[in-house]
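Whatever order the structure lists them in is the order used to number ligands and atoms, beginning at 1.
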Amino acid sequence: MSAPASSTPNANTELVQRSLASVWHPCTQMKHHEQFPLVPIASASGVWLTDAEGKRYLDAVSSWWVNLFGHCNPRINAAIKDQLDSLEHAMLAGFTHAPAVELAERLSRLTGLGHVFFASDGASAVEIALKMSFHYWRNLGLNGKTRFVSLQSSYHGETLGALSVTDVAVFRDAYAPLLNNNVLVPSPTFDGKGDGDYPCCLECADAAADVLQTLLEERHDEIAAFIVEPLVQGAAGMRMYHPQYLRRARELCTEFNVHLIADEIMTGFGRTGTMFAWEQVSTSADMRPDFMCLSKGITGGYLPLSCVLTTDTVYRAFYDDHTARGFLHSHSYTGSALACRAALATLDIFESDNVIVANRAKTRRFSALMTPLRQHPRVSNYRQLGVIWAFDVSTSLADFAKRIFAAGLARGVLLRPIGNTIYFMPPYVTDDGEFLLLVRQTLAAIDEVLA
Ligand SMILES: *Cc1c(COP(=O)(O)O)cnc(C)c1O
């Protein structure tokens, strides 16, 4: 903040050149930056990112789905600054500290899952859940349970284990020879056929659950766990589905001795309208997932932190005199005190501002503002769940997503379509005026790109 921000007209260009020369950017074919802009951000506040020349962009994707309460939120900033002067980080093997303990206790109370294993990123949480599940069965003498089941179009992260349960071709295809042999089952999302209703097609849920049932009946001996993104397949294009699928999946997993892993890395912390998406499936104790993965919004979008929550049953199967029956996994920054404090400050905001309830009224108002987009002649499959809005645009432009990104930037909004799907996943602090601006600028961007 205190660095002298250069405001010369070419401040942006200079930083971009240096970045392209030295930073290998994520999820990017670097050559595309010959044509499409790389945006240097100098500062941020609330829903706005500001570049070196002072141009502002409304962060409609919450900086890759992580931000909840705005950039440079004064309450989270204060908590991190306070923590910084007492303890920044200490290893969590053999040691503990108040922020990790308090966060584990609060997350346990919120989810009903009493044991919390910390890591740093979403993908590392997925790795941990997969390894824990396999190791649990092994500790019970069931060594044949070596496979995992996931949904078609699922996304669980991009390290090799997480990628092996991910079904998004652009991320997966190049590495397919390196990936474990897992099993895909049909997704319960509406496939556009029949007379289903996009967000919540009950028939689609039941048909997909029937396939899962047949698979588990036949192959449960070799299956450790079923991993799923509850209610929304995010990276597949915000594909939403009926909670009935998850009720049946939970019952089937219990019946056939297979773990259910709820990957709430994107859906957690209020995104789907409840604190965790699983609350819309069931709130009863015997319907809980065996594992829940959390990350992204956990620190309000500030610092890398993730965790896996699990049950007493799983925990007890590792508790033993033999070291090798324990869960020996580790990451250097496990339970970072600074990140845990950011997470505690985030939970404090949820409580003191009654965020889940406040978001309900807000999302109703925002959904009404979506009407002109919904009614646009080229828009179809409009859907909304909690603080996520998405729709598909019919176009044959192969680079539609990149063009909308560029057209959005020119109009001061950060949009990052997934294929032909445009979605809004703004921070919860977005106000009505900002959302209206987002809708108007998106309409203009669509009309410009399709013209
Ligand atoms: C983003 C995401 C991940 C991976 O998290 P990273 O922090 O990017 O590794 C895993 N699962 C889901 C559902 C996600 O949305």
Side-chain angles (χ1 to χ4, degrees), residues 25-28 61-68 117-133 148-168 170-172 175 179 182 184 187-189 225-241 245-246 249 260-272 276-278 280-281 289 291-309 329 331-334 336 339 342-343 346 385-388 390 416 418-419 421 423-425:
H25 290 267
C27 202
T28 299
V61 299
S62 293
S63 282
W64 252 355
W65 318 353
V66 300
N67 193 288
L68 302 185
F117 195 101
F118 288 109
S120 321
D121 288 283
S124 56
V126 168
E127 299 288 341
I128 288 162
L130 299 177
K131 283 177 69 181
M132 260 187 195
S133 170
F148 301 99
V149 179
S150 61
L151 295 183
Q152 281 168 2
S153 307
S154 59
Y155 181 86
H156 298 290
E158 294 171 55
T159 53
L160 291 178
L163 197 56
S164 79
V165 288
T166 287
D167 181 41
V168 178
V170 300
F171 301 132
R172 189 188 157 99
Y175 311 101
L179 304 179
N182 291 314
L184 288 174
S187 162
T189 60
F226 169 56
I227 181 167
V228 65
E229 297 159 88
L231 302 185
V232 192
Q233 295 190 282
M238 302 303 154
R239 294 167 55 129
M240 297 167 189
Y241 63 89
Y245 179 77
L246 295 169
L260 191 145
I261 303 171
D263 176 352
E264 294 237 18
I265 290 166
M266 182 278 275
T267 54
F269 301 98
R271 260 306 152 193
T272 67
F276 301 104
W278 198 267
Q280 296 173 56
V281 177
F291 299 92
M292 189 183 280
C293 301
L294 300 176
S295 188
K296 292 208 163 113
I298 193 170
T299 60
Y302 270 67
L303 287 160
L305 180 71
S306 66
C307 69
V308 176
L309 297 111
H329 187 101
H331 294 289
S332 313
Y333 284 98
T334 293
S336 147
T346 300
L385 182 68
V387 199
I388 308 172
R416 233 186 114 90
I418 302 172
T421 300
Y423 69 91
F424 299 154
M425 202 196 264

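- The contact set between ligand 1 and Glu229, taken as ligand atoms under 4.0 Å from a residue heavy atom, comprises 13 (C).
- Heavy atoms of Trp65 approach ligand 1 to within less than 4.0 angstrom.
- The single protein non-hydrogen atom nearest to atom 2 (C) of ligand 1 is Lys296 NZ, 2.6 Å, given as residue, atom name and distance.
- Contact detail for Thr166 and His156: the closest heavy-atom pair is OG1-N, 2.8 Å.
- Those atoms of ligand 1 with a heavy atom of Met266 less than 4.0 angstrom away are 15 (O).
- The backbone N or O of Ala342 sits less than 3.5 Å from a side-chain atom of Thr346, completing a donor-acceptor pair.
- For an aromatic pair to be called close, the ring centres must be under 6.0 Å apart, and Phe118 with Tyr333 fails this.
- Atoms of ligand 1 lying under 4.0 Å from any heavy atom of Ala123, numbered from 1 in the order shown and given with element: 4 (C), 5 (O), 6 (P), 9 (O).
- Ligand-side atoms of ligand 1 in range of Gly157: 4 (C), 10 (C), range being under 4.0 angstrom from any heavy atom.
- Side-chain contact check for Gln233 and Ser154: no donor-acceptor pair (N or O, by modelled atom type) lies under 3.5 Å.
- Distances below 4.0 Å separate heavy atoms of Asp263 from the following atoms of ligand 1: 10 (C), 11 (N), 12 (C), 13 (C).
- With 3.5 Å as the limit, one finds no donor-acceptor pair spanning the side chains of Glu127 and Ser124.
- In this structure, atom 6 (P) of ligand 1 lies nearest to the protein heavy atom Gly122 N, 3.5 Å.
- Side-chain N/O atoms of Asp121 and Ser306 include no donor and acceptor closer than 3.5 Å.
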